[in-house]
Participant: 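Got a structure here, written out as structure tokens. Questions coming.
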2 protein chains.
Amino acid sequence: MAKPWATFGIDLHLEPAGGGLRRGLTDALREAVRTGRLAPGTRLPSSRSLAADLGIARNTVADAYADLVAEGWLSARQGSGTRVAERGVGVGAAGDDGAGAGAGAGAGAGAHADADAGAGVVGGVGVAGALPGPGSRPGVPGASPSPEPVHRRTPGLPPPPAPRPLYNLIPGTPDLASFPRAEWLKAARRALTTAPYQALDYGDPRGRVELRTALAGYLARARGVRADPDRIVVCAGFSHGLRLLGALLRARGARTVAVESYGLDVHWNLLAAAGLRTTPLPFDERGTDPGRLTDQDAVLLTPAHQFPVGGTLHRDRRAAVVDWARRTGGLVVEDDYDGEFRYDRQPVGALQGLDPDHVVYAGTASKSLAPGLRLGWLVLPPHLMAEVLRAKGGIDACGSLDQLTLAEFLTSGAYDRHVRAARLRYRSRRDALVAELARRAPKVRATGIAAGLHVVLRLPPGTEQQALRAAAWHGLAVHGLHRFRHPEAGVEQDDALVVGYGTPPDHAWSGALEALCAALSE
Amino acid sequence: MAKPWATFGIDLHLEPAGGGLRRGLTDALREAVRTGRLAPGTRLPSSRSLAADLGIARNTVADAYADLVAEGWLSARQGSGTRVAERGVGVGAAGDDGAGAGAGAGAGAGAHADADAGAGVVGGVGVAGALPGPGSRPGVPGASPSPEPVHRRTPGLPPPPAPRPLYNLIPGTPDLASFPRAEWLKAARRALTTAPYQALDYGDPRGRVELRTALAGYLARARGVRADPDRIVVCAGFSHGLRLLGALLRARGARTVAVESYGLDVHWNLLAAAGLRTTPLPFDERGTDPGRLTDQDAVLLTPAHQFPVGGTLHRDRRAAVVDWARRTGGLVVEDDYDGEFRYDRQPVGALQGLDPDHVVYAGTASKSLAPGLRLGWLVLPPHLMAEVLRAKGGIDACGSLDQLTLAEFLTSGAYDRHVRAARLRYRSRRDALVAELARRAPKVRATGIAAGLHVVLRLPPGTEQQALRAAAWHGLAVHGLHRFRHPEAGVEQDDALVVGYGTPPDHAWSGALEALCAALSE
């Protein structure tokens, strides 16, 4: 292939054109260096992590690295990992003349992998890799599926450069390794076997009626949403729903959307892309203060479980938000991203239940099942249906088979079973995290309600950066609370880590918790 | 449910709350009339077609209609079908007080159906229903799966009102009844079983690399596309791709897109919604004439098989289009909607192969598999990637499981097998149609290359409306060529029917052909 590397570290595919994987990887890397797509000095990912990304043996990667070090394209130094050599070091360019590019190549069984940019909600890990260097590769007994930090800090020595994260604690993704594959396939089989063939045609722009009907029942039962299938619009995840609402607001001449002081920049950016300014509302221990809602055109809230700070919107404030909407005609958008997961008691019902004519309820399968399904839903006030469908282009955006499968999943009870099991899993992780930190890092305070897939760990003032450095050094990808603060929000003392305990697979959880405790007890 | 009917004839769902389907349907209809959602005088669909939509026995529908006629909510007259009675006729509102609306209702096993608006590509059938009236229902021996016209014209009498179409010959949809369900499920199982759990996460905004890699190979091999996985963007069907391109063009300050004289208004409307004016190019027997390409910013073409007229763009004109793009920097968008289906010889290669830096290739699974998959792809010039992904919102829009399944379908050879089988099916339908019409309706001339899923039947001048009326009377949903003419295109003699022979399921095909011959031989 002519261009096997796209953005380094984001996407890689390889065409082992004869000579097997090692040759294919070596050629692809050499070509990337030769053409400058990998700039001199760029640090490569560790052989372990690249091997995991590619789904090939670690030794294969280490061998390819060693070949290229020997050829002079890469350089390896103990402690600083493998890097692209400075210009002029390369010795020849054998076998990389681009032959075979274009027609005929590219199909079939090439090894390829997709490290998934993690664009969208969590912003991606984006930490450069480091590894001991090819010198250490012989004798490494293959890649273990149970990751452990490569480096262990020796007390008293300054820390070496941060290793590539081994544990992902960035919030926003559930434990994907426990996605109910067998149950999902069963539902898919039942859905596809029983669907009329018309279900494969261009569909209702609102989405499949089977799914909307199943959702209406589920949301009424589980979240107190006043839902009618006719008022539900299936969309490709919450982001798509927010884009539709942004387009609708803009088409109505809206200019400003009030948001919470803490939230996701991708959401603010989506609204900005629609030509809408976001202005943060004040925030205190009772959550977002709607007292400053005046002439904004809409407000975007996470009432059941503020993201990321973690509280529930106080009932007086819930009422105040709805009052504002009724008084001014403003629109309330309720982002109910993880309403299924509350561990101490029944979750508080959706704000939408108070006033379905002024509140848009937005839900998603991204936290309860998987973001890769790209399935979300809006429950809309009736007068907004036509405009949202216009923004949607008058066409269904999601595959009907996935929609029918989710409908079957909901109506068969498989969804409830999966959520119950996930709730137990996340609750036990959260309990362990809180207990372990209380014991080993008493200066850290776990805050927020017992809910969801993440916890906010409050830190002593001025120590967030230090904690982030320690976490990185212990192989953790984790974000500080500052990162989630709206640029126009008032600056407060809010040193904290936002820890997504839902993300790691089961086998990595104890290692992740150990690393977190080690980082925070220093 | 409080609001079981949305737009009548478009979407219906029923909650048989005790008493079975008949009771549920009766209640839902009564409620719809009572609350005014079905206006007085509205004609209901025939019991046959509503039963087919709902997947229930025709007698159940006929019984419900009869109940409501007896109650005075509906009126039935021989020859004008069943209609909502005029106001004041209703006798009581027993059992429809709206109890049970809201929380708790709506889930579960209600009978429901989705008549699929057919929005998007083909514009929908949109023909009102008529039926003999409930009086004729006793003795109807159930709904036969093989539809036949309800009415038979008696020679010499004026035709009664057009019956609801029994055969859909509107182009744009393949034979969905022959969707390879078992093979698709097999591929889905293999894909979901082998995918790494990271495949369920937020994905690369270009789409899954497995699918892009498989597509690059397939498109190079089958369509001569110069494709690289890094330059492919998976999108939710062609419409989504066109929206992305429209947004990109608009963001670059583009104002005008040249289009063919004949095409789909939904595409022109999508471009208009992006703020772009469409101007038609002249059209002659050699296809679209690119001689009038001047300062337009882009041109949208169907070079392999002009839609709907049916020719192939002449090689000189292909070259001229590319020359124009190189000279002016204009963008060529190649809509290769049915490139898989050519019956006389190997399909002509994609225009994109001439100049991948100026031509965007757009393909779709909507014709080769099913529109309900909502999977299409753009192959882009490298310099457009970033902008298209920005227009896409920086996020993958399609479910990763469907993408992985299609990738598996492509690489396993199942896609090729399905396309080969479909090609044989459509070819034999086309051959039968051409032969039968030559025999029975010699004044009609089948035109266009032997390809695709539709044929253009040229009619004697001034007879298109008459042919459309005859077709409707024979139970056919079919469009005239006029309908596809751009409003600014020069008026020519173009009386013709555009017959989508791919749409009916196998069991309905002979009936559809018979009805078409009958209509055109009058």
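Throughout, a chain's letter reflects where its sequence line sits, starting with A, and its residues are numbered from 1.
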Participant: What's the separation between atom CG in L401(B) and atom CZ in F179(A), rounded to the nearest 0.5 Å?
Facilitator: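 Reported value, rounded in 0.5 Å steps: 5.5 Å.
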Participant: Rounded to the nearest 0.5 Å, what's the gap from CG on L176(A) to CG on D201(B)? Could you check?
Facilitator: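 The distance works out to 5.0 Å.
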Participant: Under 4.5 Å from any heavy atom of chain B, what part of A191(A) do you find: side chain, backbone, both or neither?
Facilitator: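 Neither part; nothing is under 4.5 Å.
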Participant: Which value, rounded to the nearest 0.5 Å, describes the distance between S239(A) atom OG and D396(B) atom CG?
Facilitator: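 S239(A) atom OG to D396(B) atom CG measures 11.5 Å (nearest 0.5 Å).
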Participant: Are any non-hydrogen side-chain atoms of I395(B) and H240(A) less than 4.5 angstrom apart?
Facilitator: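 No, too far: nothing below the 4.5 Å cut-off.
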Participant: Highest number of heavy-atom pairs under 4.5 Å with chain B: which of C398(A), P196(A), A188(A)?
Facilitator: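 Answer, by heavy-atom pair count under 4.5 Å with chain B: C398(A).
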Participant: Quick one: what part of T193(B) sits under 4.5 Å from any heavy atom of chain A, side chain, backbone, both or neither?
Facilitator: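 Interface part for T193(B): both.
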Participant: Where on A273(A) is there a heavy atom nearer than 4.5 Å to chain B: the side chain, the backbone, both, or neither?
Facilitator: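 When you check distances to chain B, no heavy atom of A273(A) falls under 4.5 Å.
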Participant: Just by distance, do the side chain of R181(B) and the backbone of L192(A) share a donor-acceptor pair under 3.5 Å?
Facilitator: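 Yes; judged by distance alone, with no hydrogens or angles, the pair exists.
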Participant: Counting only non-hydrogen atoms closer than 4.5 Å, does A247(B) touch chain A with its backbone (N, CA, C, O), its side chain (CB onward), both, or neither?
Facilitator: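 It is neither, since no heavy atom gets under 4.5 Å.
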Participant: Using every non-hydrogen atom in the two residues, find where Y197(B) and P505(A) come nearest and quote the distance to one decimal.
Facilitator: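 Distance-wise, the nearest heavy atoms are OH-CG, 3.2 Å.
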Participant: Please report the closest heavy-atom contact between Y202(B) and S366(A), naming both atoms and the distance.
Facilitator: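 Of all heavy-atom pairs spanning Y202(B) and S366(A), the closest is OH-CB, 3.9 Å.
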Participant: I'd like to verify something: which residue of G399(B), G372(B), G393(B) has the highest number of heavy-atom pairs under 4.5 Å with chain A?
Facilitator: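 Winner by heavy-atom pair count: G372(B).
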Participant: Please classify the contact of K392(B) with chain A as side chain, backbone, both or neither, using a heavy-atom distance under 4.5 Å.
Facilitator: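 Contact with chain A: backbone only.
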Participant: Who among C235(B), A195(B), A236(B), S412(B) has the most heavy-atom pairs with chain A under 4.5 Å?
Facilitator: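 Of C235(B), A195(B), A236(B), S412(B), A195(B) has the most heavy-atom pairs under 4.5 Å with chain A.
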